[in-house]
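In this chain, numbering begins with 1 at the start of the sequence shown. Note that the structure is a prediction, hence the values are computed from the model and not measured.
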Amino acid sequence: AATWIGITLLGGIGAVARVELGAAVAARVGRIWSGTLAVNLLGAFALGLVTGLDLADGPRKLIALGFLGAFTTFSTWMFEADLQRSRRDTAALLAGALALGLLAVWLGRETAALI
């Protein structure tokens, strides 16, 4: 029960962090999708780091499922991609974000290997 309560609490914190960081980046860069992209890339890197570290099951669940699960957002990414003016822009945004996300996870795991 304690793990589920922790996941719930960290999920709330992750969701608030996503909204705040995403809005700050989007306001600074001026693109609707830039905040979500920044948050998702940071979350992908952090997930790679967490999975690459030798953490016990409980803390790994709290961080990966709780905080990072709420911090990153697939639904907002899809919604913002759909708002693009052309299909070519949407496809490029989605493909680029996916490639960068996979790279971020890999970099996180590689960083964890150095720790």
Side-chain angles (χ1 to χ4, degrees):
T3 300
W4 287 108
I5 292 170
I7 288 171
T8 301
L9 293 174
L10 285 173
I13 294 168
V16 170
R18 171 178 39 91
V19 169
E20 293 298 321
L21 180 60
V25 170
R28 185 157 179 94
V29 175
R31 300 271 188 198
I32 188 169
W33 48 264
S34 60
T36 301
L37 179 63
V39 165
N40 283 345
L41 292 178
L42 180 59
F45 175 83
L47 185 59
L49 188 64
V50 167
T51 59
L53 294 173
D54 190 23
L55 296 178
D57 193 44
R60 188 174 59 243
K61 282 182 180 177
L62 290 173
I63 297 167
L65 297 176
F67 183 80
L68 293 174
F71 183 70
T72 58
T73 175
F74 183 77
S75 59
T76 303
W77 179 40
M78 291 295 105
F79 175 75
E80 290 174 355
D82 189 52
L83 292 177
Q84 296 303 304
R85 299 195 187 278
S86 74
R87 291 196 185 275
R88 188 175 72 219
D89 290 345
T90 300
L93 176 62
L94 292 175
L98 181 59
L100 289 172
L102 291 171
L103 178 63
V105 169
W106 178 80
L107 288 172
R109 290 186 61 88
E110 291 297 310
T111 301
L114 297 174
I115 296 175

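Leu98 and Leu100 are assigned to two separate hydrophobic clusters, defined by single-linkage of ILVMFWY side chains at heavy-atom distances under 4.5 Å. Under the 4.5 Å side-chain heavy-atom criterion for grouping Ile, Leu, Val, Met, Phe, Trp and Tyr, Trp33 is connected to Phe79 within one hydrophobic cluster. Both Leu103 and Phe45 are members of a single hydrophobic cluster when ILVMFWY side chains are connected at heavy-atom separations under 4.5 Å.
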Return all side-chain donor-acceptor pairs below 3.5 angstrom for residues 2-29, not counting sequence neighbours, or 'none' if the list is empty.
from	atom 1	to	atom 2	distance (Å)
Thr8	OG1	Trp4	O	2.8
Arg18	NE	Ala70	O	3.0

Identify every side-chain donor-acceptor pair in residues 50-64 under 3.5 Å, counting partners at least two apart or on other chains, and give the distances.
from	atom 1	to	atom 2	distance (Å)
Thr51	OG1	Leu47	O	3.0
Thr51	OG1	Gly48	O	3.1
Thr51	OG1	Arg109	NH1	3.0
Asp57	OD1	Arg60	NH2	3.0
Asp57	OD2	Lys61	NZ	3.4
Arg60	NH1	Leu55	O	3.1

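To the nearest 0.5 Å, atom OG1 of residue Thr36 and atom CG of residue Leu41 are 10.5 Å apart. Expressed to the nearest 0.5 Å, how far CG of Leu94 lies from CD of Glu80 amounts to 11.0 Å. For the atom pair CG of Leu68 and CG of Leu42, the computed distance is 8.5 Å after rounding to the nearest 0.5 Å.
Between Phe74 and Trp77, the two ring planes are perpendicular [angle over 60°; tilted spans 30° to 60°].
Taking all atoms of both residues into account, the shortest heavy-atom contact from Ala44 to Gly101 is CB-O, 3.6 Å.
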Stepwise, does the side-chain contact (heavy atoms from CB on, under 4.5 Å) test hold for Ile115 with Leu49?
CA-CA 10 Å; Ile115 296 175; Leu49 188 64; 4.0 Å; yes
